[in-house]
Amino acid sequence: MSKNLILTIKRTMQRFSKISLLKYFFLSLVVTAALFVIIEMLYFQTKDSLKHAKVIQNSYDINHHLLTSDKNTIANTTYNKDSLSYVIFDSVKRDCNIIYSTLIIITSHVRHVNRRNRIRQTWGNESKWNSKEKYITVFVVGRISDSDIMMNIAEEAKLWRDIILVNILEDFYTLAKKVIIGLIWANHNIKYKLILKGDDDIYINIINVLAFVKENDIEDAYIGNKIENALVSRSGRYKVTKEEYEIDTYDSYCSGGGYFLSASSVEKMIPLFDLNHVFRIDDAYIGKIALKAGIFASQGKGFYMDNASCSYMKDIIVSHPADNIGCISFLFRRFLIDSNKLPKSWSEKQFEKKQCYEANSLCLKSKKKRPNETRSSKKRH
């Protein structure tokens with residue numbers, strides 16, 4: 001009897017030991033999987049942290065280099081110091097001992113590296129214009145949460161030295177803040193006669209810009225495609241509430257695609273800027289501030305803000321839109337031929353007859369008429 005009991009106990013223990021071994025086996029698998037997941041999470045967190053650290057280090061390197069190489073004087077006003085504190089880094093290579101004929105400020109989304117490169121390769125390339133006048137092109141970009149993009153913009157800034165990165169989240173409705181900071185930065189870091197503010201999807205004829213500046217010494221200039229009596233939109237992308245803007249028509253302003261501001265205009269407007277109470281429509285906001293400062297929007301020749309057919313006019317200062325390199329190259333080449341800067345071979349003579357970029361579907365529709373410098377209330381997109 002006792003032997004049978006002992007055998008039964010042994011068999012029972014063997015069964016339990018097998019079950020325990022299986023439990024331990026499955027438990028070890030679960031623990032191993034959990035450890036693998038934790039290690040993977042730590043790896044990616046560390047990787048992201050290193051990316052952010054690299055962006056910060058790049059920013060520090062750029063600013064440190066500028067502080068030790070460029071002697072720039074910053075005005076000692078509290079408001080401007082607060083506004084300039086939004087500048088994460090300033091990579092712009094400039095000569096602080098000269099007065100630039102024109103400072104071109106282009107507001108650009110941080111993701112628009114292709115547009116910036118297109119500008120650098122075409123009208124933003126000084127070697128293509130061969131001008132003795134001094135001018136400079138600067139891009140103002142904001143930030144986003146994508147660490148890869150932010151790391152790329154730091155590298156782009158170090159390479160090209162033409163970027164100001166500001167601590168403003170990229171959004172259509174924060175564009176006015178980027179413009180404000182760009183103007184304040186310009187006023188404290190560069191000597192210039194006129195600012196030409198533009199978007200990153202335009203074509204600028206540098207020769208015509210420099211000629212305009214040379215021929216016009218306008219006090220309190222605010223010149224571009226003047227828009228008058230534009231209705232305030234109460235819905236859609238350009239929606240503005242009554243609380244934001246009570247009346248139903250805007251004060252006159254220049255289309256944000258491209259306009260001139262003189263140094264004296266910027267100086268008078270800066271004290272009226274308020275980053276905490278910025279109107280969401282950037283060009284209308286600039287017009288409002290200009291009017292408060294006693295500066296009136298003026299229509300200038302050569303501002304073609306609705307040139308969707310990419311039509312050529314010899315007097316172009318700014319043409320919008322110019323969102324592909326074919327259109328920009330066409331406008332540039334036609335100008336060189338028109339100005340006798342290219343030898344007129346048979347092919348060039350044939351090219352000279354073209355009035356618009358024929359790869360553009362709107363070109364054929366526009367051949368019979370020359371586009372006017374629009375004064376409509378239509379906005380750029």
Side-chain angles (χ1 to χ4, degrees), residues 51-70 72 74 83-96 100 102-127 134-172 174-192 195-202 204 206 256-258 266 275 282 323 325 328:
K51 286 179 182 177
H52 286 293
K54 188 171 181 181
V55 171
I56 293 168
Q57 184 62 42
N58 282 339
S59 304
Y60 172 79
D61 289 344
I62 291 168
N63 275 323
H64 178 72
H65 178 74
L66 289 167
L67 287 171
T68 55
S69 63
D70 295 332
N72 300 313
I74 305 297
S83 299
L84 289 170
S85 70
Y86 280 84
V87 177
I88 298 174
F89 64 64
D90 162 11
S91 74
V92 178
K93 183 179 181 181
R94 67 265 194 183
D95 186 344
C96 297
Y100 287 94
T102 311
L103 165 58
I104 301 171
I105 295 180
I106 301 295
T107 48
S108 177
H109 194 289
V110 68
R111 291 185 182 275
H112 290 178
V113 60
N114 289 338
R115 291 187 181 186
R116 290 189 293 276
N117 284 336
R118 187 162 61 225
I119 289 171
R120 293 176 182 125
Q121 293 164 12
T122 56
W123 63 258
N125 186 334
E126 290 186 35
S127 66
K134 295 291 184 180
Y135 67 96
I136 185 171
T137 303
V138 175
F139 297 98
V140 180
V141 302
R143 65 178 178 85
I144 56 176
S145 59
D146 189 321
S147 58
D148 288 325
I149 296 295
M150 298 312 296
M151 186 167 65
N152 290 342
I153 196 66
E155 294 295 337
E156 183 186 345
K158 287 180 72 175
L159 174 64
W160 292 101
R161 298 208 60 189
D162 59 4
I163 288 176
I164 302 165
L165 175 67
V166 298
N167 191 19
I168 300 293
L169 278 172
E170 291 284 20
D171 187 86
F172 176 75
T174 60
L175 182 54
K177 292 185 177 184
K178 288 166 65 176
V179 176
I180 290 170
I181 295 169
L183 294 176
I184 293 172
W185 173 88
N187 198 55
H188 291 81
N189 288 281
I190 292 185
K191 297 172 185 176
Y192 61 89
I195 282 178
L196 177 55
K197 184 273 163 190
D199 292 336
D200 61 8
D201 60 345
I202 61 174
I204 293 178
I206 297 295
V266 175
L275 284 172
D282 65 296
D323 50 8
I325 200 163
I328 294 173

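Since the structure is predicted, the reported quantities are computational estimates derived from the model, not experimental observations.
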Between the side chain of Asn152 and the main-chain N/O of Asp148, is any donor-acceptor distance below 3.5 Å? yes

Counting distance only, does the side-chain N/O of Thr174 pair as donor-acceptor with the main-chain N or O of Leu169 below 3.5 Å? yes

Hey, are the side chains of [X] and [Y] touching, using non-hydrogen atoms and a 4.5 Å cut-off?
X: Leu165; Y: Val87; result: no
X: Asp162; Y: Thr137; result: no
X: Val138; Y: Ile104; result: no

Working note: Ile163 + Val92, criterion side-chain contact (heavy atoms from CB on, under 4.5 Å); need CA distance, chi angles, decisive distance, verdict. CA-CA 6 Å; Ile163 288 176; Val92 178; over 6 Å; no

Locate the shortest heavy-atom distance separating [X] from [Y]; write the atom from each residue and the value.
X: Lys158; Y: Arg161; answer: O-CG, 3.7 Å
X: Ile106; Y: Trp123; answer: CD1-CH2, 4.0 Å
X: Gly256; Y: Asp199; answer: O-OD1, 3.7 Å

Does a salt bridge link [X] with [Y], judged by any charged N lying under 4.0 Å from a carboxylate O?
X: Lys177; Y: Asp282; result: no
X: Glu156; Y: Arg120; result: yes
X: Lys93; Y: Asp95; result: no

Val179 and its side chain to side chain contact (heavy atoms under 4.5 Å, CB included) partner, picked from Thr107, Val140, Ile105: Thr107

Roughly how far apart are [X] [atom1] and [Y] [atom2], rounded to 0.5 Å?
X: Lys197; Y: Leu103; atom1: NZ; atom2: CG; answer: 12.5 Å
X: Leu175; Y: Ile168; atom1: CG; atom2: CD1; answer: 11.0 Å
X: Ile325; Y: Thr122; atom1: CD1; atom2: OG1; answer: 6.0 Å
X: Ile328; Y: Asp323; atom1: CD1; atom2: CG; answer: 8.0 Å

From CA spacing to verdict: side-chain contact (heavy atoms from CB on, under 4.5 Å), Ile164, Ser91: CA-CA 6 Å; Ile164 302 165; Ser91 74; over 6 Å; no

Tell me every residue that passes side-chain contact (heavy atoms from CB on, under 4.5 Å) with [X], counting only those two or more places apart in sequence or in another chain.
X: Lys134; result: Ile98, Tyr100
X: Glu126; result: Tyr135
X: Ile144; result: His109, Val110, Arg111, Asp146, Ile149, Met150, Glu170
X: Ser108; result: His112, Arg116, Phe139, Val141, Asp200

Run the side-chain contact (heavy atoms from CB on, under 4.5 Å) check on Ile136 and Tyr192 step by step: do they pass? CA-CA 9 Å; Ile136 185 171; Tyr192 61 89; over 6 Å; no

Check side chain to side chain donor-acceptor pair (under 3.5 Å) between Asn167 and all other residues, then give those that pass, not counting sequence neighbours. Arg143

With sequence neighbours left out, what residues match Asn125 under side chain to side chain donor-acceptor pair (under 3.5 Å)? Ser127

In sequence, state the C-alpha distance, the side-chain angles, and the governing distance for Ile180 and Leu275, and then conclude on side-chain contact (heavy atoms from CB on, under 4.5 Å). CA-CA 8 Å; Ile180 290 170; Leu275 284 172; 4.0 Å; yes

